[in-house]
Amino acid sequence: MRKSTLRRSCAALATATSLALALTACGGGTTKKDVQSEGGSAAAAGKADPNAELKKGLTVGFLPKQVNNPYFTSADKGGEKALKELGSSYKEVGPSSATDTSGQVSYVNTLTQQQVDAMAVSAQDPGALCTALKQAMKNGIKVVTYDSDTTPDCRNAFVSQASAEDLGRTEVQLLAKQIGYKGEIAILSAAQTATNQNTWIDFMKDELKKPEYKNMKLVKTAYGNDDAQQSFQQTQGLLQEYPNLKGIISPTTVGIKAAAQYVSGSKYKGKVKLTGLGTPNDMRKYVKNGTVEAFELWDPAKLGELAARTAVALSSGQITGKEGETFKAGSMGEYTIGKDGVISLGKPTVFDAKNIDQFNF
Ligand code: RAM
């Protein structure tokens with residue numbers, strides 16, 4: 001049976017029976033091309049052809065952690081623009097809560113059933129998603145994670161916003177400077193399962209082990225679940241529980257904005273320092289009113305664009321996701337795939353009162 005026919009009949013089977021069962025059954029009929037390499041990313045066993053023409057008419061589904069999060073709106077718009085330019089189609093599906101892990105799994109299954117050519121996924125919970133993503137790959141769909149990764153065997157490539165190590169360490173460095181390397185600090189994260197935040201937090205903890213931070217103490221990591229209200233309440237809770245708190249790092253655009261909102265309206269404004277990852281448009285007000293000195297981020301639209309271009313390069317056979325392969329990402333230039341199938345967008349930008357007005361996202 002030709003792969004396209006196989007995929008069509010699988011979809012019919014999937015609607016007629018339980019989706020999980022049907023996809024498992026269909027997974028059995030895969031071609032050699034889909035066999036995964038041992039270790040590293042799930043790069044196809046086949047060889048990449050760097051001169052292969054980029055295919056047109058593909059459909060790439062974007063599945064962010066959360067659809068109504070302005071960060072993902074910018075990222076996915078970047079993906080949409082790139083796909084239009086490449087003559088392919090874009091669609092976006094996803095949950096409205098960053099803790100709806102089973103919802104994300106259902107969306108992966110739906111995209112598989114709809115036979116998209118590729119999907120770009122930001123993982124809420126890597127453990128929950130893996131089986132569904134592997135099933136998608138068995139059905140010939142290329143899987144790119146962007147923003148928040150799974151384990152390498154569950155996707156073909158990960159488009160990373162910046163080196164996770166740089167992000168974790170620089171956030172501690174930024175806060176340390178602001179509090180004079182002294183005092184209690186806390187972290188306000190997103191969901192407890194989020195791969196990206198958890199990786200950055202591990203590097204923050206490692207950075208804090210260095211002798212220059214011996215007078216700084218991380219007292220708590222709180223989770224606001226990328227929900228504005230929960231993040232606001234968690235900030236309030238942190239400041240009540242730790243009255244001597246000197247600083248907060250919030251490595252989430254939703255968290256830092258809510259924390260800034262709380263701090264700016266409280267007696268802690270100017271006393272408790274706040275940094276992390278935010279968008280210039282969300283944070284401008286709080287930089288201007290003195291609540292926040294400096295924070296960082298990458299351009300989400302560029303992240304989405306690179307995810308889309310990676311998906312098309314994978315679907316066209318230009319790359320398979322193996323370390324050392326290179327491809328041209330349009331006007332973004334050439335990218336090389338690193339260890340474990342990771343493609344890094346570049347260095348993050350630090351925003352402060354001096355430069356924030358130059359950015360609009
Ligand atoms: C939130 C999400 C996203 C993260 C940014 C910094 O929007 O948690 O995954 O990359 O913050």
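Order of listing sets the numbers, starting from 1, for every ligand and every atom in it. FYI, side chains are in, hydrogens and waters are out, and symmetry mates aren't considered; it's all heavy atoms of this structure. The structure presented is a predicted model; accordingly, all values stated were derived computationally and were not measured.
Residue Lys205 qualifies as open at atom NZ: its count of foreign heavy atoms under 6.0 Å is 12 or below.
When the options Asp147, Thr252, Leu277 are ranked by their closest heavy atom to atom 4 (C) of ligand 1, first place goes to Asp147. Atom 7 (O) of ligand 1 has its nearest heavy-atom neighbour, among Thr253, Leu167, Asp282, in Thr253.
Looking only at heavy atoms of the protein, atom 2 (C) of ligand 1 is closest to Asp226 OD2, 3.2 Å.
Using cut-offs of 30° and 60° on the angle between ring planes, the pair Tyr262 and Tyr268 is tilted.
Each of the atoms 10 (O) of ligand 1 lies under 4.0 Å from some heavy atom of Trp200. Within ligand 1, counting atoms from 1 as listed, the ones closer than 4.0 Å to a heavy atom of Phe72 are 3 (C), 9 (O). In the vicinity of Asn196, heavy-atom distances shorter than 4.0 Å reach the ligand 1 atoms 3 (C), 4 (C), 9 (O), 10 (O). For ligand 1, the atoms lying closer than 4.0 Å to a non-hydrogen atom of Gln161 are 10 (O). Close approach to Asn69 involves these atoms of ligand 1, each under 4.0 Å from a residue heavy atom: 1 (C), 7 (O).
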Inset, instruction - I would like to know whether Tyr335 and Thr310 meet side chain to side chain contact (heavy atoms under 4.5 Å, CB included); could you show each step before the answer? - result: CA-CA 9 Å; Tyr335 281 83; Thr310 303; over 6 Å; no
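The shortest side-chain heavy-atom distance between Val144 and Asn156 does not fall under the 4.5 Å cut-off.
Note that CG of Leu58 and OH of Tyr90 are 16.0 Å apart. Values are rounded to the nearest 0.5 Å. For the atom pair CG of Asn281 and OG of Ser74, the computed distance is 8.0 Å after rounding to the nearest 0.5 Å. For the atom pair CG (Asp282) and OH (Tyr71), the distance works out to 12.5 Å, reported to the nearest 0.5 Å.
When heavy-atom distances to ligand 1 are checked against a 4.0 Å cut-off, Tyr146 has no atom that comes that close, whether in backbone or side chain. Only the side chain of Lys65 comes within 4.0 Å of ligand 1, counting heavy atoms alone; its backbone N, CA, C and O stay farther away.
Close placement of the Tyr146 and Phe62 rings is indicated, their centers lying within 6.0 Å of each other.
The shortest separation from a heavy atom of Gln197 to ligand 1 is under 4.0 Å, placing the residue in contact.
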